[in-house]
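Some notes on the structure that comes next.
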Amino acid sequence: MLVSARNRRIVAMIGACVALAVAVAACDDKVSSRSQSNGAAPAVSAHGTATPSTGGDDPRDPGGSGDPGGSRSPQPSRSGSPAGKPTPSEPGTSTPPTGNAYADRLPKFGQPPVPQRIDLPEEASAAYYARIPTDQPVAFLTIDDGWVKRPEALELLRESGVKVTLFLTINAIKDNPGYFQQLRDAGADIQAHTVTHPELKGKSYAFQKREICGSADQLATLYGKRPTLFRPPFGDKDATTLKVAHDCGLRAGFFWKETVDKGTVRYQEGHTIQKGDIILMHFRTRFVDDFIAALQAISAAGLTPALLTDYMPAA
């Protein structure tokens, strides 16, 4: 059969289009492969689903998204339970949920036991704890800094009914102190965490006094009550830190036994929260997941959240 010149041109054009499509597909494959090798692939959340990367937490947050404990101290790699299924409250949504939005994710707790106050050593330095020495079935959720102010935090505190301790950095909260007033009104207890969040260990008495006393003084001015407890930034301290804290009227300082970040609980000992454990999380972009994960881990251990101040001796 004879093929006209016109038909030969059509066949040639079709062949050229097919070749171009193959070349474009191959190019796309190469670009995709190169992007994944450079870390541009979607992040996988604790729930096992792919989620867009948010670029980490506020860059001013000393804890940072790359440091689950908010500390330069070595942290264990054991992981606990994830926070559960995602909700519309996570980053990337336009409006926070309202009205019992977290009821299916928040564990239910009964009333904590009547606190059995511990004895603090009578020394010229503040006491320091990572676990409160108690046989009561309680754990202590603490939240540091205050850089990222998620609107869902207030609703979570109200819906859960739990009491938490906030160790607030002055520079992190001074742009919106009213945010933390609302949290305090919902049951949070405000305590000291320095003015600028520096490394205290190894610094002079005068330097540490400015940070520790200054923090307690400013929190008293902002909220009408002077703190009696503190946490050194990164959990790092020395003998001078504890001496300064005592001289500033702070009775005890606190480290932690568990950390929470991106909806995952990490343990220093074993795979469950123990009686008296102090748990560390931060005001970060994944606040909802972290808060719920912490409460789920406390509930799974058969414990109830309690306030650190309730276990300190009466003033």
Side-chain angles (χ1 to χ4, degrees), residues 56-73 75 126 128 140-151 153-154 157 164-184 186 188-203 206-238 240-242 244-245 248-256 259-261 278-287 290-291 294 307-309:
D57 293 336
D58 190 307
R60 297 168 299 173
D61 183 356
S65 61
D67 183 359
S71 166
R72 287 191 288 268
S73 303
Q75 292 295 315
Y128 199 66
F140 304 91
L141 179 56
T142 66
I143 311 175
D144 278 15
D145 297 343
W147 293 111
V148 180
K149 302 167 184 66
R150 298 292 299 179
L154 179 59
L157 282 182
V164 299
T165 301
L166 312 182
F167 289 106
L168 300 181
T169 302
I170 298 299
N171 280 4
I173 70 168
K174 64 184 181 181
D175 64 327
N176 189 3
Y179 173 89
F180 301 96
Q181 177 68 55
Q182 289 184 307
L183 299 186
R184 192 184 75 164
D189 185 40
I190 293 177
Q191 300 294 339
H193 193 43
T194 72
V195 176
T196 67
H197 205 285
E199 175 69 62
L200 293 176
K201 186 176 180 180
K203 299 297 195 304
F207 177 92
Q208 297 199 41
K209 183 177 180 180
R210 284 194 299 272
E211 288 288 339
I212 297 173
C213 285
S215 170
D217 292 343
Q218 291 188 56
L219 289 172
T221 299
L222 287 170
Y223 302 111
K225 181 179 179 182
R226 198 172 191 278
T228 58
L229 310 176
F230 87 109
R231 171 172 281 146
F234 318 109
D236 292 344
K237 49 82 179 172
D238 57 16
T240 301
T241 310
L242 299 182
V244 168
C248 291
L250 302 173
R251 310 176 73 192
F254 300 93
F255 196 69
W256 52 82
T259 63
V260 192
D261 187 46
I278 297 168
I279 305 156
L280 168 69
M281 61 173 282
H282 288 79
F283 285 95
R284 290 177 173 163
T285 55
R286 293 283 294 274
F287 185 96
D290 292 349
F291 186 82
L307 277 182
L308 287 169
T309 49

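As the structure is a computational prediction, the values presented were derived from the model and not from experiment. Quick note: residue numbers are just sequence positions, from 1.
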To the nearest 0.5 Å, tell me how far [X] [atom1] sits from [Y] [atom2].
X: His193; Y: Thr169; atom1: NE2; atom2: OG1; value: 4.0 Å
X: Cys248; Y: Arg210; atom1: SG; atom2: CZ; value: 12.0 Å
X: Leu157; Y: Ile143; atom1: CG; atom2: CD1; value: 6.5 Å
X: Ile279; Y: Asp290; atom1: CD1; atom2: CG; value: 12.0 Å
X: Thr165; Y: Leu168; atom1: OG1; atom2: CG; value: 10.5 Å
X: Leu219; Y: Phe230; atom1: CG; atom2: CZ; value: 13.5 Å

Check whether [X] reaches the backbone of [Y] with its side chain - one donor and one acceptor, N or O, closer than 3.5 Å.
X: Glu211; Y: Val195; value: yes
X: Asn171; Y: Thr196; value: no
X: Tyr179; Y: Arg150; value: yes

All ring pair (Phe, Tyr, Trp, His ring centres under 6.0 Å) counterparts of Phe287, not counting sequence neighbours: Phe283, Phe291
Among all residues two or more places apart in sequence or in another chain, which pass the ring pair (Phe, Tyr, Trp, His ring centres under 6.0 Å) test with Tyr128? none
What heavy-atom pair brings [X] and [Y] nearest, and what distance separates the two atoms?
X: Ala220; Y: Pro227; result: N-CD, 4.4 Å
X: Ala245; Y: Ile212; result: CA-CG2, 4.2 Å
X: Pro177; Y: Lys174; result: CD-O, 3.5 Å
X: Gly202; Y: Asp238; result: N-OD2, 2.7 Å

Set of side chain to side chain donor-acceptor pair (under 3.5 Å) partners for [X], sequence neighbours left out:
X: Thr142; value: Arg231
X: Gln181; value: Asp185
X: Thr309; value: Asp189

Would you mind telling me which of Cys213, Pro233, Pro232 makes a side-chain contact (heavy atoms from CB on, under 4.5 Å) with Thr194?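 Between Thr194 and the candidates, side-chain contact (heavy atoms from CB on, under 4.5 Å) is satisfied uniquely by Pro233.
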Are Leu222 and Ile173 side-chain neighbours, meaning at least one heavy-atom pair lies under 4.5 Å? yes
Do Leu280 and Val260 make a side-chain contact, defined as non-hydrogen atoms from C-beta onward lying under 4.5 Å apart?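 No - every pair of side-chain heavy atoms lies 4.5 Å or more apart.
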Given Trp147, Phe167, Phe234, the one that forms ring pair (Phe, Tyr, Trp, His ring centres under 6.0 Å) with His197: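 The passing option is Phe234.
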For Lys203, what residues pass the side-chain contact (heavy atoms from CB on, under 4.5 Å) criterion, not counting sequence neighbours? Glu199, Phe207, Gln208
So, using salt bridge (Lys or Arg N to Asp or Glu O under 4.0 Å) as the criterion, who are the partners of Asp217 when residues are at least two apart?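 Salt bridge (Lys or Arg N to Asp or Glu O under 4.0 Å) check on Asp217 returns Arg226.
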For Arg184, enumerate each residue passing the salt bridge (Lys or Arg N to Asp or Glu O under 4.0 Å) test, keeping only those at least two apart in sequence or located in another chain.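 For Arg184, no residue satisfies salt bridge (Lys or Arg N to Asp or Glu O under 4.0 Å) once neighbours in sequence are set aside.
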